[in-house]
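Below you'll find the structure, written out as structure tokens, and then a few comments.
All heavy atoms count here, side chains included; hydrogens, waters and symmetry mates do not. Residue numbers start at 1 and run along the sequence shown.
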Amino acid sequence: QGYSSAASDVYKRQILRRSKMEKYLIVTDTTSAMDQEIAQKNGIELISLSVIVDGHEYKDQVDISTQQLYDYLRDGKIPSTSQPNTGYLVEQMEKWQEEDYEAIIIITCSADLSGTNNGFHLAKDTIGLDNVYIYDSRQVGAPVMDMAICAKQLADEGKTVDEIFG
């Protein structure tokens, strides 16, 4: 027995919405207090800031864990952080570009506290992507993580970029 025309239309809209939401990528950085496990669980791309200890540069949450950072502090070593270098961000955006996302939504920590937001803008301009939306959260830490998770949930519900940021 076939579907009615109305049921068929509903099914087609659900398929279209599902294909649209799969084409949205939500990105945040490690200043969000998000780790790789939380990012993977929520389907969010996590960009590492650089952590510098004793002249060695590490990618946060990739080359150095939070526990290792605490160990350094306990040993009297004072780490510093740096925004991701533009080359790294360009590489990431080129990778995302190959995935043919409809929209790439990047939520950064406050531009007043870090150059990360500006770095994403430089990378976007270098590649010339029109489908990248960079949002300055004006926050740092867990509120940024909450914004990224909420944005992902809204994208999964089929919301548009305007509705996500609205």
Side-chain angles (χ1 to χ4, degrees), residues 18-53 56-73 79-161 163-165:
R18 191 173 309 125
S19 67
K20 273 183 118 178
M21 76 179 179
E22 290 172 358
K23 290 297 185 178
Y24 276 41
L25 177 67
I26 308 300
V27 179
T28 193
D29 60 67
T30 54
T31 63
S32 67
M34 185 178 289
D35 62 22
Q36 291 292 345
E37 183 180 336
I38 294 170
Q40 288 174 357
K41 177 182 163 202
N42 288 282
I44 295 170
E45 184 86 14
L46 188 61
I47 295 297
S48 297
L49 268 66
S50 295
V51 177
I52 299 127
V53 182
H56 297 283
E57 184 174 340
Y58 304 94
K59 282 192 172 66
D60 189 21
Q61 300 296 323
V62 174
D63 302 325
I64 189 169
S65 69
T66 303
Q67 185 57 53
Q68 289 170 307
L69 208 52
Y70 288 143
D71 292 344
Y72 280 127
L73 287 168
S80 61
T81 60
S82 176
Q83 71 187 52
N85 71 53
T86 305
Y88 170 59
L89 295 179
V90 166
E91 280 178 26
Q92 294 303 304
M93 285 194 182
E94 287 172 340
K95 180 181 84 172
W96 302 333
Q97 185 178 28
E98 290 174 12
E99 296 294 323
D100 197 31
Y101 288 104
E102 181 180 332
I104 300 167
I105 299 171
I106 302 170
I107 302 170
T108 69
C109 70
S110 174
D112 293 337
L113 301 174
S114 171
T116 303
N117 185 283
N118 187 52
F120 274 113
H121 280 285
L122 287 171
K124 174 187 173 184
D125 294 345
T126 298
I127 297 174
L129 292 177
D130 294 331
N131 64 332
V132 174
Y133 304 88
I134 303 167
Y135 179 74
D136 179 355
S137 71
R138 314 256 332 132
Q139 303 288 322
V140 69
V144 183
M145 176 172 45
D146 292 343
M147 287 178 197
I149 291 170
C150 183
K152 176 64 173 149
Q153 290 168 345
L154 291 170
D156 287 351
E157 292 171 10
K159 303 293 185 191
T160 66
V161 172
E163 289 171 321
I164 291 169
F165 285 116

For Q153, the side-chain hydrogen bond (donor to acceptor under 3.5 Å, both in side chains) test, sequence neighbours excluded, returns none
Quick one: list whatever passes side-chain hydrogen bond (donor to acceptor under 3.5 Å, both in side chains) with S137, sequence neighbours left out. none
Working to the nearest 0.5 Å, report the span between OG1 of T28 and CD1 of I105. 12.0 Å
What pairs of residues pass the side chain to side chain donor-acceptor pair (under 3.5 Å) test when at least one of them lies in residues 38-48, not counting sequence neighbours? E45-K95
Step by step, would you call L154 with E157 a side chain to side chain contact (heavy atoms under 4.5 Å, CB included)? CA-CA 5 Å; L154 291 170; E157 292 171 10; 3.8 Å; yes
Could you tell me which residues satisfy salt bridge (charged side-chain N to carboxylate O under 4.0 Å, His left out) with D35, sequence neighbours excluded, listed by chain and number? none
Using the salt bridge (charged side-chain N to carboxylate O under 4.0 Å, His left out) rule, collect all pairs that involve residues 59-70, keeping only residues at least two apart or in two chains. none
For D112, check salt bridge (charged side-chain N to carboxylate O under 4.0 Å, His left out) against everything at least two apart and list the hits. R138
Heavy-atom closest pair (D136 atom, S110 atom, distance to 0.1 Å) is OD1-CA, 3.2 Å
A39 meets the side-chain contact (heavy atoms from CB on, under 4.5 Å) criterion, sequence neighbours left out, with M34, L46
Name every donor-acceptor pair, under 3.5 Å, that has one atom in a side chain of residues 82-90 and the other anywhere in the protein, sequence neighbours excluded.
from, atom 1, to, atom 2, distance (Å)
N85, OD1, G87, N, 3.1
N85, OD1, Y88, N, 2.7

Tell me every residue that passes side-chain hydrogen bond (donor to acceptor under 3.5 Å, both in side chains) with D71, counting only those two or more places apart in sequence or in another chain. Q67, R74
Atom pairs and distances, side-chain donor-acceptor, residues 125-135, under 3.5 Å, sequence neighbours left out:
from, atom 1, to, atom 2, distance (Å)
T126, OG1, L122, O, 2.7
N131, ND2, Y101, O, 2.7

Sorted by first residue and then second, give each ring-ring contact (aromatic ring centres under 6.0 Å, His included) pair with at least one member in residues 103-126; sequence neighbours left out. none
All side-chain hydrogen bond (donor to acceptor under 3.5 Å, both in side chains) counterparts of E94, not counting sequence neighbours: none
